[in-house]
> 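Quick one: the structure is below, questions incoming.
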Amino acid sequence: MKKIGVLAIAFLLILLAACGSTEDETVAGNEEATDQESYTVTHAMGETTIEGEPQRVVILTNEGVEALLAMDVTPVGAVEAFTGDQWYEHAADQLKDTQSVGTESEPSLEAIAALEPDLIIGNKMRQEQVYDQLSQIAPTVFAESLRGDWQENFELYSKAINKEEVGQEKLAEYNERIEELKTSLGDQTQQEVSIVRFMAGDVRIYHKDSFSGVILEQLGFARPEEQDLEDFAERGVTKERIPAMDGDILFYFTYETGDSEATKLEEEWINDPLFQNLEVAKADKIFKVDDVIWNTAGGYLAANLMLDDLETYFE
């Protein structure tokens with residue numbers, strides 16, 4: 001009996017030692033995995049370290065919403081569309097489980113905090129004043145600005161959500177489509193394309209550093225001399241500047257908020273004798289396009305839809 005007792009104790013000690021060794025290895029393994037999963041993103045406000053792949057992302061720009069959806073990430077919270085319903089029509093189905101957190105200019109800190117995000121993505125141009133408060137809620141990454149070349153922000157977002165490879169694949173698909181369309185358009189890109197926007201109380205002529213302007217340049221389209229500029233747009237245009245709208249083809253879009261003021265302004269200008277005297281008007285080469293797609297949404301989904309429009313118009 002004494003021999004059996006000694007053997008039992010010896011066996012128990014060996015078993016405990018083995019369990020301890022396994023536990024130590026597991027802890028070490030978990031620590032190593034955590035180190036591998038954490039990553040640091042450099043952005044407009046500095047550097048932010050994120051633990052693991054974010055599962056609950058809040059996005060504070062419209063073009064950022066499109067970027068996440070393009071990479072198969074549904075945000076738990078997002079800012080609302082600038083026009084119409086809560087979400088843009090072309091993205092609404094993908095956002096049915098997403099909660100509103102206000103607007104780009106006035107995001108709700110309370111709504112964001114209530115969603116318990118593990119990552120917040122915003123924009124310095126829009127939300128710099130609340131960056132510190134957002135950072136207290138969750139790791140926060142900010143893009144620098146909102147301008148024509150949406151691909152720059154797209155790359156940052158892909159890093160922020162730890163899907164850089166997926167992001168690169170999506171951009172490659174888009175740019176491949178650009179090259180294919182550019183080839184099929186051929187000599188048609190030699191036409192000078194004019195871009196005009198009507199807003200309540202404001203008329204703008206868009207230049208090359210706008211959403212539509214960047215896409216037109218990628219496709220190789222020519223622009224009228226007075227629009228062939230590297231900046232965003234000429235704002236507050238008066239009717240004396242109507243001649244600067246001329247071109248071989250003119251696309252215009254109207255930002256309507258629901259009071260019909262922008263639409264009234266559009267009709268006034270389109271029917272003005274000075275506008276009707278443009279060579280592009282005489283040639284009947286003026287087309288109204290969707291403001292959301294050609295300007296306001298400003299992201300990956302809209303860019304592809306704009307390419308769809310251009311394929312149709314230049315067939």
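Computed from a predicted structure; not experimentally measured. The first residue in the sequence is number 1, and the count goes up from there.
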> Decide side-chain contact (heavy atoms from CB on, under 4.5 Å) for L310 and L185; before the verdict, give the C-alpha distance in whole Å, the side-chain angles of both, and the deciding distance to 0.1 Å.
CA-CA 10 Å; L310 288 169; L185 288 169; 5.8 Å; no
> For the CD atom on Q133, are there more than 12 heavy atoms of other groups (residues, nucleotides or ligands in this structure) within a distance under 6.0 Å?
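More than 12 within 6.0 Å, yes.
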> So, do E266 and K288 sit near enough that their side-chain heavy atoms are less than 4.5 Å apart?
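Side-chain contact under 4.5 Å: yes.
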> Under 3.5 Å, which donor-acceptor pairs link side chains of residues 141-149 to any protein atom two or more places apart or in another chain?
residue	atom	partner	partner atom	Å
D149	OD1	Q151	N	3.3

> Looking only at non-hydrogen atoms, find the nearest pair between G52 and Y39 and report the distance.
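Between these two residues, the closest heavy atoms are O-CE2, 3.2 Å.
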> Evaluate the side-chain proximity of Y88 to N62: yes if any heavy-atom separation is below 4.5 Å, no if none is.
yes
> Which is it for F251 and Y313 under the ring-ring contact (aromatic ring centres under 6.0 Å, His included) test, yes or no, and what are the steps along the way?
CA-CA 10 Å; F251 294 106; Y313 284 108; 5.3 Å; yes
> Which heavy atom of V292 sits nearest to which heavy atom of A302, and what is that distance?
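Result for this residue pair: O-CB, 4.4 Å.
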> Roughly how far, to the nearest 0.5 Å, is CD1 of I249 from CD1 of I195?
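Interatomic distance, I195 CD1 to I249 CD1, rounded to 0.5 Å: 9.0 Å.
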> If hydrophobic clusters are built by linking Ile, Leu, Val, Met, Phe, Trp and Tyr wherever their side-chain heavy atoms come under 4.5 Å apart, do V289 and L181 end up in the same one?
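Shared cluster, yes.
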> Can any side-chain N or O of R223 pair as donor or acceptor with the backbone N or O of V193 at less than 3.5 Å?
yes
> Report yes if the side chains of Q94 and L301 come closer than 4.5 Å at any heavy-atom pair, otherwise no.
yes
> Going only through I, L, V, M, F, W and Y residues with side-chain contacts under 4.5 Å, is there a path from I120 to V41?
no
> Please report the closest heavy-atom contact between D291 and F253, naming both atoms and the distance.
OD1-CD1, 3.3 Å
> Would I121 and I161 satisfy side-chain contact (heavy atoms from CB on, under 4.5 Å), going step by step from the backbone distance to the final call?
CA-CA 9 Å; I121 301 175; I161 62 175; 4.0 Å; yes
> So, Y174 versus F154, ring centres under 6.0 angstrom or not?
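No: the rings miss the under 6.0 Å criterion.
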> Checking side-chain contact (heavy atoms from CB on, under 4.5 Å) against F275, which of V280, L250, V196 comes through?
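It is L250, the one option of V280, L250, V196 that forms the side-chain contact (heavy atoms from CB on, under 4.5 Å) with F275.
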> For the pair Y206 and W294, evaluate ring-ring contact (aromatic ring centres under 6.0 Å, His included) and give the outcome as yes or no after the intermediate values.
CA-CA 11 Å; Y206 275 57; W294 282 61; over 10 Å; no
> Please find the pair of heavy atoms, one from P107 and one from I112, that lie closest to each other, and give the distance.
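That would be CB-CD1, 4.3 Å.
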> For the pair E279 and K285, find out whether any cationic side-chain nitrogen is under 4.0 Å from an anionic carboxylate oxygen.
no
> Does D259 CG have over 12 foreign heavy atoms under 6.0 Å away?
yes
> Grab the two heavy atoms, one from H90 and one from A297, that are nearest each other, plus how far apart they are.
CE1-CB, 3.9 Å
> Hey, are R235 and D202 close enough for a salt bridge, meaning a charged N less than 4.0 Å from a carboxylate O?
no
> Please determine whether the number of non-hydrogen atoms from other residues, nucleotides or ligands lying under 6.0 Å from atom CD of E225 exceeds 12.
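No.
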> Tell me, yes or no, whether the heavy-atom count around Q86 atom CD, taken from other residues, nucleotides or ligands under 6.0 Å, exceeds 12.
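Yes.
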> Which heavy atom of G122 sits nearest a heavy atom of L60, and at what distance?
CA-CB, 4.0 Å
> Regarding R177 and D308, does a basic nitrogen lie under 4.0 Å from an acidic carboxylate oxygen?
yes
> In Å and rounded to the nearest 0.5 Å, what is the CG to NZ distance from D284 to K282?
13.5 Å
> Measure the shortest side-chain to side-chain distance between Y300 and E173 over non-hydrogen atoms and say whether it is less than 4.5 angstrom.
yes
> Less than 4.0 Å between a side-chain N and a carboxylate O, is that true for E267 and K264?
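No salt bridge links K264 with E267.
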> If I take atom CG from residue N123 and atom CE from residue M45, how far apart are they, to the nearest 0.5 angstrom?
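CE of M45 is found 10.5 Å from CG of N123.
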> Please say whether more than 12 non-hydrogen atoms of neighbouring residues, nucleotides or ligands are located less than 6.0 Å from CD in E53.
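Buried by this count: over 12 neighbours within 6.0 Å.
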> Where does the angle between the aromatic ring planes of F221 and F314 fall among parallel (under 30°), tilted (30 to 60°) and perpendicular (over 60°)?
tilted
> With clusters defined by side-chain heavy atoms of hydrophobic residues (ILVMFWY) lying less than 4.5 Å apart, directly or transitively, does V203 cluster with Y255?
no
